[in-house]
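Reading through the structure tokens given below for one structure.
Both backbone and side-chain heavy atoms feed into the values below; hydrogens, waters and symmetry mates do not.
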Amino acid sequence: MPDENVKPFLHGSLKGLSDNAVIFSKPPVELAAYHAAIEAYEAAIPAALDGSKTAIAQKNKLRDAAIRMYIQLAHYVEANCNDDMATFLSSGFQAAPTTKTPPQPLDQPTIVSVVQGAVSGQLKVKIGSVAKARSYHLRYAAVASGGGAPAQWTEQIITSTKPTLIEGLTPGTIYTFQIRALGRLGFTDWSDFVNRMVT
């Protein structure tokens, strides 16, 4: 998480705990020490911007120290809020989301290239990677002489995006290829057709 995103969490918790010292009267970290740790971390940020490894290491060390205190205080607040969300939020800490993000549909896979293999009757198919795809289904068939959809497809399951070698094709014949990806919600649609003649 970038430093500019970390600082609001630290300051929010320091303010919430300070403003509600009656409720959170025995924190495991003294708020003065927590405040000093936050200030030391923030003071080290400008020096780290010049890219010096030493300055960056020092800033990260101070950041880690402040975050460790933050985590200790968060556990303390959680244990002492009596499961009351309003009391918990008054501490300046933020509740973790309770709803999981539902699985999203996969992006549509594509066939990047279809090239001739090393010997006659071979084609190599390269597909584009799709994030979170469990596998890919490749199908291919000879293009009908009058055009139109092929009557019979050959399907193959692919578990990686390395080029896939298709063998035993008839030289001089045009083949059409499509790919789809399998994810948690099922299959994507088939990709656009890619045609290639075998030599």
Side-chain angles (χ1 to χ4, degrees), residues 1-110 112 126-136 158-163 179-189 191:
M1 186 183 285
D3 292 317
E4 61 267 21
N5 292 0
V6 172
K7 292 192 290 183
F9 285 102
L10 299 176
H11 282 289
S13 59
L14 177 63
K15 183 177 187 314
L17 290 169
S18 300
D19 291 350
N20 294 281
V22 174
I23 300 171
F24 305 107
S25 57
K26 295 179 183 175
V29 176
E30 286 186 20
L31 295 187
Y34 185 42
H35 186 212
I38 295 170
E39 286 192 332
Y41 157 53
E42 288 187 329
I45 292 173
L49 294 176
D50 68 1
S52 158
K53 286 185 178 178
T54 307
I56 291 171
Q58 176 64 11
K59 185 266 293 183
N60 288 342
K61 182 179 172 184
L62 292 168
R63 169 180 160 141
D64 289 346
I67 288 174
R68 274 197 303 276
M69 291 182 179
Y70 176 89
I71 292 169
Q72 278 183 283
L73 290 165
H75 287 306
Y76 161 75
V77 166
E78 187 177 15
N80 288 275
C81 71
N82 298 317
D83 292 329
D84 181 62
M85 185 55 72
T87 303
F88 177 85
L89 294 173
S90 73
S91 69
F93 287 93
Q94 297 178 20
T98 54
T99 55
K100 290 187 177 178
T101 305
Q104 301 298 310
L106 297 180
D107 291 335
Q108 180 66 46
T110 57
V112 177
K126 175 85 174 96
I127 64 171
S129 178
V130 173
K132 299 187 179 178
R134 294 179 173 177
S135 64
Y136 302 88
I158 302 173
T159 55
S160 81
T161 54
K162 292 178 181 175
I179 191 80
R180 65 179 179 174
L182 176 63
R184 288 181 64 188
L185 297 179
F187 287 107
T188 62
D189 291 334
S191 67

Spacing of [X] atom [atom1] and [Y] atom [atom2] [to the nearest 0.5 Å]:
X    : Y    : atom1 : atom2 : result
L182 : T159 : CG    : OG1   : 12.0 Å
N60  : I45  : CG    : CD1   : 10.0 Å
S135 : R180 : OG    : CZ    : 9.5 Å
Q108 : D189 : CD    : CG    : 5.5 Å
D83  : E78  : CG    : CD    : 8.5 Å

Can you name the closest pair of heavy atoms from [X] and [Y] and give their distance?
X    : Y    : result
A133 : L106 : CA-CD1, 3.9 Å
T188 : P109 : OG1-CD, 3.4 Å
I127 : V112 : C-CG2, 3.7 Å
A44  : L62  : CB-CD1, 3.7 Å
Y76  : S25  : OH-N, 3.3 Å

I'd like to know whether [atom1] of [X] has more than 12 heavy-atom contacts from other residues, nucleotides or ligands below 6.0 angstrom.
X    : atom1 : value
N80  : CG    : yes
K126 : NZ    : yes
E30  : CD    : no

Quiz item: Does N20 reach the main-chain N or O of S90 with its side chain, forming a donor-acceptor pair under 3.5 Å?
Solution: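 Yes, the answer is positive, given that a donor and an acceptor are paired below the 3.5 Å cut-off.
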Practice problem: Could you tell me whether a side-chain N or O of K59 sits under 3.5 Å from a main-chain N or O of A47, the two making a donor and an acceptor? | Solution: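 No; judged by distance alone, with no hydrogens or angles, the pair does not exist.
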Report yes if the side chains of [X] and [Y] come closer than 4.5 Å at any heavy-atom pair, otherwise no.
X    : Y    : value
I67  : V6   : yes
I23  : T87  : yes
R184 : Q104 : no

Quiz item: Among side-chain atoms of D3 and Y41, is any donor-acceptor pair under 3.5 angstrom?
Solution: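 The criterion, which ignores hydrogens and geometry beyond distance, is satisfied for Y41 and D3.
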Exercise. Answer yes if the side chains of Y34 and S13 hold a donor-acceptor pair under 3.5 Å, and no otherwise.
Key: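 A donor-acceptor contact under 3.5 Å links the two side chains.
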Quiz item: Pick one: which of H11, R63, K7 meets side chain to side chain donor-acceptor pair (under 3.5 Å) with E42?
Solution: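 Of all the options given, the one that passes is H11.
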Quiz prompt | Near-ring test F93/F9, centroid separation under 6.0 angstrom | solution =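 Not close enough - the centres of the two rings lie 6.0 Å or further apart.
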Practice problem: Check the pair T110, S191 against side chain to side chain contact (heavy atoms under 4.5 Å, CB included), reporting the backbone distance first and the verdict last. | Solution: CA-CA 6 Å; T110 57; S191 67; 5.6 Å; no
Practice problem: Please lay out, stage by stage, how L73 and L17 fare under the test side chain to side chain contact (heavy atoms under 4.5 Å, CB included). | Solution: CA-CA 9 Å; L73 290 165; L17 290 169; 3.9 Å; yes
